[in-house]
Amino acid sequence: MQSNKRLFLFAGLFFSVVTLVFGQEDKIRPLPIRAVEDSIQAPPLPPTLATDTVKTDTVNAESVPQKPALLLDKIKYKAKDYVKLSQKDQKVYLYNEAEIYYQDTELKAGIIILDYIKNEVYAGRIKDTLGNYSQLPYFKQGENVVIPDSIRFNFDTEKAVIWNSRTEQQAGLGQLGSDAMKVYAERTKKENDSVYFLSEGKLTTSKDTIDPDYYIRVRKAKFVPKKKVIAGFSNLYIVDVPTPIALPFAYFPLTVGRTAGIMMPTFGNDPDRGYFLQNAGYYLPINDYVDLTLTGDLYTNGSYGIRAQSVYAKRYRYRGNINFRYENQIVSQKGFDDYSRGTIYNIQISHSQDQKANPNSRLSASVNLGSSQYYRNSLLQQNLALTQTNNLSSSISYSKTFPAYPSVNMSLTATHNQNTNTNVVDVTLPTLQAAMERVFPFAKRDGIKKGAIQNINFQYDLNARNSIRTNDEDFLTAKMFDDAKVGARHRIPISTNFKVAKYFSVTMGGNYEDIWTLQTFNQRFDPDTQTVVTDTISGFDRYNQYNFSASIGTTLYGTFTFGEDKKFQALRHVMRPTVSYGYAPSFEQYYDEYLNEVSGNIVQYSRFQNTIYGAPRLGKSNALTFSLQNTLEAKVKDKDSTATEPKKIQLLNSLNFSTGYNFEADSLKLSPVSMSGGTNLFKNKMSVNFGASLDPYAIDNNGRRINTFNINNGGSLFRLTTARANMSYNISSKDFGRKEEEEEEEQDPYAGQTYVAASGGRTDDLFGSADNFNDSSFKNRDPDDIENPRYGAKIPWDLRLQYAATYSNSNRQNEFSNHSLMFSGNIELSPRWRVGASSGYDIRRKGFTVTQLRFERDLKSFVMRFNWTPFGDFKRWYFFIGIKSSILQDLKWENRSQPVRR
């Protein structure tokens, strides 16, 4: 009986395209009203109402007398101005802010008339002397709300008739506003708790429901709450003009939660493959934790594409997704000279485990593998930046920790690295790693360690791999295992550290390695063929090697003060010099020789060459290395007069130098000086990184280093052999705003940084932005920012610049191997107009990089976008116009050119 008391009067919500509703409650907001006459024919007010009624603002809790009706509870009512109980008319009259409460039913209106004989209630608006209406009825039953012009409701049958109802419902996971469905219906009839009928309804996601820029007109419809809508003839109106987009009948699922359904395709024409349907598919929620999306493309020349995506998640356990894409591409027709057929595919897997699920074990995956040319030749080219992807990488790992002392961490990992330019694929299947925690045998486990003896420690780690190198054609076939290499490396590092003269830190240690392999290679000279023959020997073999090292370092601080009254008050320079010594013996016992009869030379080789960990060290290593790290910061007077402390700024984040001296070398004992550094400028808006290599030795006419210092050969002290520089700069109109506005904005700790996306592309738009037209940059903006912009004389804009240069001069070539400048920017010409561009210029090759022009127009409920790549290998254009709301995102039109296939 109680269930029959729920009245769901969403009078116009009978045509909402609501798919994938994840169980969220409907949220209702009153909509703007139209000044129209009430259609309700309620009993008239008595002419003596003003003199006979009693003025009250309290709740009358007495039961309504007369007829022993079907009322199951007391009716409570009140009004601000008048409450009239008429025995003659057998009615109760409520005027001005009238309210009635009955069980879970709540009714508020300007005027309410209750007929306690028929158990019916009439509610309407109040009309003032100027003819304006106010106090629309507010009817709520359970959690369902409706805002009409007038309503008639029977407490016994719970049937209702509503005039000019206005409702708003949040659908799916959208936000109230542009993603909420607003419905206006001239008349709605409630038959029972599960069946409603409406006549002449308007459905829209527009913010303005009185004069919407578009709506779907529904003549008649039957509505089953939270289940379905069956509508008659319906068509789309734009600014009150009917369009040819219409349906003779329609069925729309409104099931609460995720719902299976068909995904509408995109139509088009490809000059090489004919007419096509793209992105047609079906969505299937398998259960509460897993779903499946199947989409595909079909071309009239026989080409097709298949895509499957599954997203899964379980709270406090794991989450991830699987994405498989396959395309069978046919160009032209059979029998023609330009006919060709090929297949490409791509697999992406992402899995992450919640740390709360199991603190001692973890499974994670990040997979992106497939055809090297997939992003460049895909029929669905939806992201321009991914066409510049040069590398695909994957990793699947399982790790487990054994916490008992000494704890051991163990992991099993499968990796994949694929160069999309050379088609070379490197795979480890798998890699086993195990590491024991550091053990201090001469010190208590929880005590403080002092001196060289107590700080002696050792570890153990294992690395075992099955390494495969193959190509794009043999990948994922049996051929890829033909040249697999298997091996293991055991390592035991031993070290200690202590202080000398308080200020010098000394570290000493050694490292022992034991290498295992299941395959070695013997070399010999074949006199019959006059060639060197390599014989593969299967079976277990091993070798070991070891080395020793020591280092001493300290930290020096230099502070230069200029006075607190100065703008530049102090300068601080921090230097960290380090001197290291390393010794490693030679392991000639693992080397053999053969005579090359062609050249007459004796060739020395190791049977462990070309194994997974390589050959043991040949030749003694006895070297001294020097390094110097520098940082430079300053104290400057703060511009803020209220600040009590000076402001610290970083002038140089790092400036490092390193070189070495080889005692065992007969000549060229000094190593080139390596320099690297970096800093951030202009409030961290510009990032600068640089590096160089400086050689103290000269070269001969053939470009070979000789044992003569360059300064003694008529040159400078050092010879610049390589140099690199990389600068990036981000700036926007916000940087020139008022300080108060800047403080209001949330600071992004990752501003100015560039990240590589999981798919291998860039997250910024230096290579262009994604062509996903169902998403819009205007979509998530606050509507108030568009309707009431604070533009003034300033136009919002942003700009990103990146400069990269690599200089090579090791053999007097004196050239830039890489020299380019890239830029990207956007300008909001008005609150609803945005234009953007991204491009670059290769200074060395004298040509432009991938160039994209972007145009976007916010049409309130609609969005229009146009992306254009005017030239180059990926020359094309895209056009899109569609409804911004995700509820009706299938109401769209898009057109595109097809990229040139390579």
Side-chain angles (χ1 to χ4, degrees), residues 1-2 4-11 28 30 38-46 49 53-54 56-127 133-167 185 187-193 196:
M1 186 69 179
Q2 183 65 20
N4 293 330
K5 298 299 179 183
R6 300 288 182 180
L7 178 58
F8 192 175
L9 294 180
F10 289 102
I28 309 300
D38 288 341
S39 302
I40 190 171
Q41 299 297 324
L45 295 174
L49 176 66
T53 54
V54 179
T56 178
D57 58 358
T58 60
V59 176
N60 189 338
E62 57 182 298
S63 301
V64 178
Q66 304 298 327
K67 177 183 176 183
L70 300 178
L71 296 177
L72 302 178
D73 202 351
K74 295 180 180 181
I75 297 178
K76 301 178 182 180
Y77 53 87
K78 68 176 182 178
K80 182 177 181 180
D81 287 352
Y82 299 104
V83 174
K84 166 75 175 182
L85 178 63
S86 174
Q87 296 289 351
K88 178 181 179 180
D89 298 332
Q90 296 180 328
K91 295 180 176 64
V92 177
Y93 300 91
L94 307 161
Y95 185 79
N96 193 12
E97 297 184 11
E99 299 179 13
I100 283 184
Y101 300 92
Y102 171 73
Q103 290 188 335
D104 63 346
T105 302
E106 176 184 341
L107 178 61
K108 300 177 182 179
I111 182 171
I112 296 177
I113 302 174
L114 173 64
D115 188 328
Y116 52 80
I117 297 299
K118 297 180 181 179
N119 286 337
E120 288 185 349
V121 64
Y122 310 87
R125 303 171 291 176
I126 289 181
K127 184 177 182 180
Y133 287 93
S134 62
Q135 298 189 35
L136 274 75
Y138 172 87
F139 185 85
K140 179 179 180 182
Q141 189 172 35
E143 297 178 353
N144 305 318
V145 179
V146 66
I147 312 292
D149 284 351
S150 54
I151 183 173
R152 176 181 176 184
F153 176 68
N154 189 289
F155 289 105
D156 294 341
T157 64
E158 294 196 347
K159 292 185 179 181
V161 179
I162 307 110
W163 283 267
N164 297 330
S165 64
R166 304 164 183 85
T167 63
R187 183 172 179 177
T188 303
K189 181 179 180 181
K190 173 182 177 286
E191 279 294 307
N192 51 55
D193 284 345
Y196 303 81

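The first residue of the sequence shown is numbered 1, and numbering continues consecutively from there.
Between Tyr102 and Phe155, the ring planes lie perpendicular to each other; the angle is over 60°, past the 30° to 60° tilted range.
For the atom pair Asp156 CG and Asn119 CG, the distance stands at 4.0 Å (nearest 0.5 Å). Taking CD1 of Ile113 as the reference point, atom CG of Asp89 lies at 9.5 Å (rounded to 0.5 Å). The CZ atom of Phe139 sits 13.0 Å away from the OG atom of Ser150 when rounded to the nearest 0.5 Å. Once rounded to the nearest 0.5 Å, the distance linking NZ of Lys108 with CD1 of Ile147 reads 10.0 Å. For the atom pair OH (Tyr133) and NZ (Lys127), the distance works out to 4.0 Å, reported to the nearest 0.5 Å. The distance from the CD1 atom of Ile162 to the OG1 atom of Thr188 is 5.0 Å, given to the nearest 0.5 Å.
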message: Using the rule given for side-chain contact (heavy atoms from CB on, under 4.5 Å), can you reason through Lys190 versus Lys159, listing the C-alpha separation, both sets of side-chain angles and the distance that settles it, and then say yes or no?
response: CA-CA 5 Å; Lys190 173 182 177 286; Lys159 292 185 179 181; 5.7 Å; no

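With sequence neighbours excluded, the residues satisfying side chain to side chain contact (heavy atoms under 4.5 Å, CB included) with Glu120 are Lys118, Tyr122, Arg152, Asn154. By the side-chain hydrogen bond (donor to acceptor under 3.5 Å, both in side chains) test, Lys189 pairs with Glu191, sequence neighbours left out. Checked against side-chain hydrogen bond (donor to acceptor under 3.5 Å, both in side chains), Gln135 has the following partners two or more places apart in sequence or in another chain: Asn96.
For Tyr77 and Tyr101, the distance between ring centers is not under 6.0 angstrom.
Closest approach of Asp115 and Gln90 over heavy atoms only: OD1-O, 3.6 Å. In terms of heavy atoms, Ala123 sits closest to Ile112 at CB-CG1, 4.1 Å. Scanning all heavy atoms of the two residues, the minimum distance from Pro148 to Trp163 falls at CB-O, 3.5 Å. Looking at every heavy atom in both residues, Val121 comes nearest to Ile100 through CG2-CD1, 3.9 Å. Nearest heavy-atom pair, Tyr116 versus Gln87, reported as atom, atom and distance to 0.1 Å: OH-OE1, 3.4 Å. In terms of heavy atoms, Leu94 sits closest to Ala79 at CB-CB, 4.1 Å.
Looking at Arg125 and Pro137, their side chains come closer than 4.5 Å, going by heavy atoms from C-beta outward. Side-chain contact check for Glu106 versus Tyr138: some heavy-atom pair is nearer than 4.5 Å.
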